Every structure is written in structure tokens, then in C-alpha cells.
Amino acid sequence: MSSASISTGPQDDAKRVVIEDPHLGAAADLQEAEVTRVRTLKGAWRWVLMAATAATIMLCVNQQFSLRFFIDYTQLNTEYFYLLIALMLPFTFLIFPGSEKAPLDRIPWYDLLLFAATFGSAIWLMLNIRKAAQLGWEFDGAPTNIIAAGLVMWFVLMEALRRTGGWSLLLSVLPFTLYPLFADSPWLGPFRGTQSTLQQTTSYHMLSGESLLGIPIQAFADTVIGFLVFGTALMMTGAGKFFINIAFAMCGTFRGGAAKVCVFASGLLGTVGGSIVSNVLTAGTMTIPAMKKTGFTPSYSGAIEACASTGAVLAPPVLGATAFVMAQFMNTGYADVALAATIPSILYYVGLFAQVDAYAARHKLKGLPRAELPRFWDAFKDGWYYLFVIVVLVVMLLYFKRESHAPFYASVLLVILHQWSGPARWKLGNTLVLAGSIAATAAMFWYGVLNAALWGMCLLAALNEFFPGKNWGGARWLQFLELNGKTFVELIAILAGCGLLIGAFSLTGVISSLANDLLSIAGGDAFLLLIMCAITSLILGLGLTTTSCYIFLAILVAPALEKLGLNKMAVHMFIFYWGMLSSITPPVAIASFAAAGIAGAPAMKTGWESMWVGSIIYFIPFFFVLNPALLLQGPNPYLEAFGLTGLACFGILFICGGIQGYQSFVGDLRGAGMLEWPIRVLLVIGGFVVATPGGGIMPLSQMQVTLLGLAILGPTVLIALLLVRRQAVVPDGLRAP
């Protein structure tokens, strides 16, 4: 297998696969970019990026922990947001080339000019936003110099959006940022709203808390930075190697074991990563060659990895950036969003496991030999602290509700445990450092220092660096800053640019009237409006990133769905799910194309097979919209959620059996002869009915829905069983060729 080596240990060990850390060689640090050509900054520019990243993290820590680095000066939130933009956004033009022909080994003069223009306009707006508020820009208009800086910022934002999200994202967002300038035009129909001048529109976009400085940037500044730091810490301490080793040890010997390893490993990585492409590049280098080795076709191997990695933005506790934006949109805690995503992500991975198992059984694919796989206990001993840190993070999120603080605590704790896992022996100096740090923490507690435990852990992590073999090393710290910087730059470009979408619709006041128009078109039918929303999400997702697609539909469609009485969390999660399907849906299918590159398979073929393998994800959003208990919503949803999850898993087994043509406890449905496809269709329909929650907007009760599904499945399974077994007992010589 590529990226893994075979080592011969003692004779009783035979040959075992040794998994190298996949993050060390994978350029998997960008979150949502649809481009693959990026510059690696060198020399002075690399140091500038690392310094800007360190300043960004410190500003976030200062803001979230109320440290008051700026003595006798209270920074406004808007000033804080613009300072983050000034530190990170200019690097978009250094890291992302402007075209396919732009050089990668040097920075052209025009990129330096854009860097300076972005930094200068952001700093000018930061220095003057307080003055503009005092002058009442909402009524009398902003000063001319602020308008000029705002126009420069508007331009560079759109160019940054093009470089990070591609032309499709720019062409989808730019017209709407200009929309307030012609909002009163008769040809707009239901989109007709209040029209504004260029000066008013620029002021609103740049100075209000509803546009550039609105929900996306607020989410980035409040919570996303911390979780990105935690994700990078996990990546650089070797969590990828640990999760993949655990997956190989637990699932490698099962039928189709390499594919089940892929699903399990990508799911584990997804719980702490939140990036689809990063997951593909990380886990795929290990799992795709293993799948091909055990009989999976290259395109199918890539499809399985793409679908498994797509779960990265669904699996708690660390979802993708969209989840943080969603929490801001709904004015709720991120922990609530992560908790709500738990059961849907379980159903998704259950569906993938069932698909893989049915495919492997139908094609008689075996697992990997136990002698070639890592031992579970050895893998666990090497990385137990990753699971411990994740548990600490979850407890802080769900129990203590410290969403902005939790990732920083978890990151420092992870670094300390990783330092201590170093190869050198524990020495007296290590004990003294630990004792001194504990004493310093106790003293801080005594004197009432806030977050004393965090500062004590930071002190311990710093002192550990004095002990070779128990330290991370200066080079790794610099790389840590560099990787964080690249991720910050790419995300802030997309989030800031998409923020203008919200501002445009907010300024024109069209949102409330549009909701009524959509309800009128759908005739007040919730099912029809959901289907309209799903189709719109899928189409928009083909040209937009997951975050921008979610923002667009959360503005336009969510209010209409909520007016029909649907649960708010369910509505926003529904939009989220459908918007991210573009990652496995051609012609965009960025996850499928990335996996196809590793597998050496045709990109479009891998994309279509990804849709087939991941088809269960098209059903799941309807399940939790019909009954939000699957999102743990309601006064006491846990018992109901348990029952609904069981029914859903039961139904999913039949859905996947029908899709793949192999039903558990029945066998290969090719044995049914001419009735194979009718049986497969009925299995999918029956499984879907059983998994569908009853009551609510459904005209049937839960009991009626379940009985209807069983009425479809019972005869279908019985007929399939009789036909398959009859085929199995016919002598080979008497079977039709």
C-alpha cells in the first residue's frame, strides 16, 4: 500500500502494516478551496504569515478570555473583526494565484499590490469605524474616505472569493452584493425590494453588523479559530495515524475489510477535522490502495472514500465551518448544533457500512489477513490520549457550555500529552517542571486568576520544550503556525465574501416578503416546499461551497419552512445536508475528484459511483425534518429518538440491500433472476417507509407507517429468500448460462 510500509518484526509477528502519519506528507490543510494550485510562502513572507497567524490567535484568546491586552482600551467587536481581516485576508493574494498561468515560485507585483490594498483598506476601516458610528452613518452617510476604503474592500473581497472558491462562487455572490443598487426594478418580481445608492450600499456592507461584519465573520472570530487550532494540533501530533491504525485493527479482517476501514477511519478523522478534502487526502492515501488490493475497482474505491470523507462535516464534536455559521444564524450554542448532528451522522455511517458490506458480499471480497494488520492494543497504547482529549472537549462543550474556551483547553492538553509520549525517558527535570506548573496553577487559583488551569497548562507546555525527546520542537511549532495561517486565510476569504449576501438581502428588506411568496407557490404544502428546497440546494451546491450555499438558503428558504411550523434546527440542518451534497455530486464533486486522483480512476465515473454509494444521505434529511427527535429536539426526546433511530437503522439495511443487490440474511439477489430489479426496488421503498417517522406533518401515525413498511418488506423478503435459495440448490449443470 502506498504511504504505508511493511516491516518484519519477530517471527511470531510475521509482516504487519506500519502506517506512517498521513498528515506529514499530505497538503490537506485547506478547508473548502475548490482550487488545487497554491503557493508555498518562503523566506520573509513565510515569517510574516506565521507572525500574522500568531497575532490572530492571540487576539482571539484576548477577546474570548477577556485578558485586556490593550490596557485602558476596550476594543469594539467591529474593530476586532476588521483587525482579523487585516491580518489574514491580504494573504489570500499571496497563497492563491490569480490564474492557471500565474507563477508559483514567486509573487507577482499585482498580488503584492492587492495585498497592500487589502491591508490598507482594512486598517483604515478599523481605525475609522468608531468615528463613523459616532457620526451616525446610518442617517447622514459615512465620510468620503470611508466610502473609498469600503469600495476597495468590496473589490478585493470579490477577488479573494474568486481565488478561493472559483468563478462559480464569485458569479453566484457578486450579483447579489450589487442587488441593493437596483432592488426596485420591476423585472425582479418577488425579489423586488428597497433600493439604495452606491454610497448607502457600501456603508451598509462595510460598517453594519449584518454584512461583511455579520454572522460568518462573527462565527469565525468567536469559535471557528479555536476549533481550527485544535484540528491542526490533532493533525500535527499524529491523530491521523492513530485513527487509521485503530480502524485497520478493528475492521480490517471483515469481508470488504479495507472499505470498512475507510468508512471507520474517515468517520473518526471527521469527528475532529471538519474538512472533506482534507479527509480524502489524509485517509485516502492509506485506504484506497488497500481497497484496490482486496478487489475493489479503482472508481468504487475512490467513491467509498469520497462518501466516507463527506461525513467530516456531519460528525460531531467538530463539524465543518458551516456548523459554526449555523449556530450564529439560529442564535444558539455550537454545542446544540453538534449534539443535533449526532444521530444523523450515525445513520449516515450505518448506511455506508451497510452499502460496503452488501457490495463486498455480492462480489465475494475478503478482508485483509490479520497478520498484516496492526494490533488494536498496540495502536491504542500509542494514542489513547487523543480519545481522552476528545472526551474533555465534549464534556466542556455539552456540560460546561464553554464553546469558545473548550478548543483552547483541549489543544494545550493535547500538546502536553503528546510531548510526554516522546521517546526519551522520564527524568527528574520532567517531574520538577510538572510540580512547578501545578504549584503555579494553584497560586493563580489562590489569587483569583481567571482560567488559571489553562495558563498553568500553557506554562507546562512551554517548559516541556526544554527536554529533548519530550518536546515538540521549534520547527514543529513554526509549521503549526504556518498550517493554521493557510487555513485561516482561505476560510476568512469565503466567510467574509459570503457575508455580503446576508447584507444585501437585509438592506433590501425582501426576506419576509419572499417567504410569503414561497409559501404561496407551494400552496402551504410542507412536503412540496421541502422538495423545492432540496432541489434548489442541490443545484446551488453545484456552484457554491457548502458554507455559501447554506447562507444563501438560510436567508431565502428557511423563513418559509419555519412559518409552516417546522422545527428551526431541523430546517437549518436540512439545508446544511443538501447543500454539502455537491461534494459527491457531479459535475463539481470535489471530494470524488480528489479521491479519483488518488485511486487513478476516471473522475466523472468516480463521481457517479459516489452518488450511488452515498445515496442514503439523500433520505436522511427527510427523516429528521419529519420528526426532530432525531436531532434530539423537544422537551424529552431521548427515548423517542432511541426508537426512531432503531427503526431508521432497520430500514437503512433494506435500502442499502436494494441499492447494492445483496440483502443480509437473504443473499445475492441475482439469484432471483428476472425478478431481481423489482425486488430491489421494493426493498428500497419498504426500507424507506419503515425508516420514515410518522405523525407530525405525516398523515399517518408511527404505527401505521411502520406496519405499511413491513407489509411491503415482508412478502418481498420472503419471495427473494425462496428464489435465491431455490437458485442455490439447482445443480450447476442445470442452471441457465
Side-chain angles (χ1 to χ4, degrees), residues 48-89 122-123 125-127 129-130 209 213 217-233 324 327-328 333-335 389 392-393 395-397 399-416 433 436-465 472 477-478 480-481 484-485 487-488 491-492:
V48 173
L49 174 64
M50 290 187 293
T53 304
T56 298
I57 295 172
M58 292 306 296
L59 279 170
C60 182
V61 170
N62 174 66
Q63 196 78 3
Q64 300 307 322
F65 291 89
S66 302
L67 299 183
R68 297 181 65 84
F69 285 161
F70 309 105
I71 305 299
D72 296 328
Y73 177 76
T74 302
Q75 193 178 41
L76 297 178
N77 278 339
T78 50
E79 293 172 324
Y80 165 56
F81 298 153
Y82 261 123
L83 193 51
L84 293 182
I85 291 170
L87 286 169
M88 289 288 103
L89 187 64
I123 290 295
L125 288 166
M126 184 201 74
L127 294 174
I129 195 168
R130 188 185 294 246
L213 305 180
I217 285 295
Q218 290 169 21
F220 178 81
D222 292 343
T223 48
V224 173
I225 290 176
F227 280 93
L228 291 179
V229 168
F230 176 63
T232 305
F324 299 96
Q328 293 283 131
Y334 168 73
V389 169
V392 170
L393 178 70
V395 170
M396 290 195 70
L397 281 175
Y399 184 76
F400 292 105
K401 303 292 183 182
R402 304 294 292 274
E403 295 169 358
S404 58
H405 294 186
F408 291 106
Y409 277 94
S411 299
V412 179
L413 178 60
L414 175 62
V415 169
I416 291 171
V433 162
S437 299
I438 293 174
T441 304
M444 285 187 280
F445 270 119
W446 179 262
Y447 286 103
V449 176
L450 295 175
N451 302 292
L454 177 62
W455 312 132
M457 288 194 296
C458 289
L459 175 64
L460 179 57
L463 293 176
N464 282 338
E465 289 298 312
W472 217 14
W477 281 109
L478 295 177
F480 173 76
L481 288 175
N484 271 310
T487 308
F488 292 170
L491 262 184
I492 203 169

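Only heavy atoms go into these numbers, but all of them, side chains included; no hydrogens, no water, no symmetry mates. Not measured: the values here are computed from a predicted model.
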F230 versus S411, closest heavy-atom pair with distance: CA-OG, 3.1 Å
pair H405-F400: side-chain heavy atoms closer than 4.5 Å: no
Close side-chain approach of I217 to I492, heavy-atom, < 4.5 Å: yes
Residues which pass side chain to side chain donor-acceptor pair (under 3.5 Å) with T232, listed by chain and number, not counting sequence neighbours: N484
Quick check: closest heavy atoms across F480 and A233, and the distance to 0.1 Å? CE1-N, 3.7 Å
With a 4.5 Å cut-off on side-chain heavy atoms, are F488 and I57 touching? yes
Between the OH atom in Y80 and the CD1 atom in I85, the distance rounded to the nearest 0.5 Å is 11.0 Å
Minimum heavy-atom separation for M396 and A406, please, with both atom names. CB-CB, 3.7 Å
Anything under 30° is parallel, anything over 60° is perpendicular, the rest tilted; go ahead and classify F324 against F227. tilted
Donor-acceptor under 3.5 Å (E403 side chain, A335 main chain): yes
Tell me the closest heavy-atom pair linking S437 and L463, and the distance in Å. OG-CD1, 4.0 Å
Looking at side-chain heavy atoms only, is the closest gap between Q63 and L84 below 4.5 Å? no
Is any side-chain heavy atom of L213 less than 4.5 Å from a side-chain heavy atom of N77? no
So does I416 get a backbone contact from the side chain of W472, meaning a donor-acceptor N/O pair under 3.5 Å? no
Between the main-chain N or O of S404 and the side-chain N or O of Q64, is there a donor-acceptor pair closer than 3.5 Å? no
Looking only at heavy atoms, which two atoms of M126 and E79 are closest? And how far apart? CG-O, 3.5 Å
For the atom pair CG (L491) and CE (M88), what is the distance rounded to the nearest 0.5 Å? 12.0 Å
Separation between CG (L228) and OG1 (T487), nearest 0.5 Å, reads 6.0 Å
I'd like to know if the side chain of Y82 reaches the main chain of I129, judged simply by a donor and an acceptor atom lying under 3.5 Å from each other, with no hydrogens or angles considered. no
Contacts of I438 meeting side chain to side chain contact (heavy atoms under 4.5 Å, CB included) (sequence neighbours excluded), chain-then-number -> L434
Kindly give the heavy-atom pair with the smallest separation between Q328 and A219, and that separation in Å. CG-CB, 3.5 Å
Under 30°, 30 to 60°, or over 60°: which ring-plane class applies to F65 and Y409, parallel, tilted or perpendicular? tilted
Rounding to 0.5 Å, atoms CZ (R402) and CG (L454) come to a distance of 10.0 Å
Distance check, rounded to the nearest 0.5 Å: T441 atom OG1 versus M457 atom CE? 8.5 Å
Just wondering, do L59 and I225 contact through their side chains at under 4.5 Å, heavy atoms? no
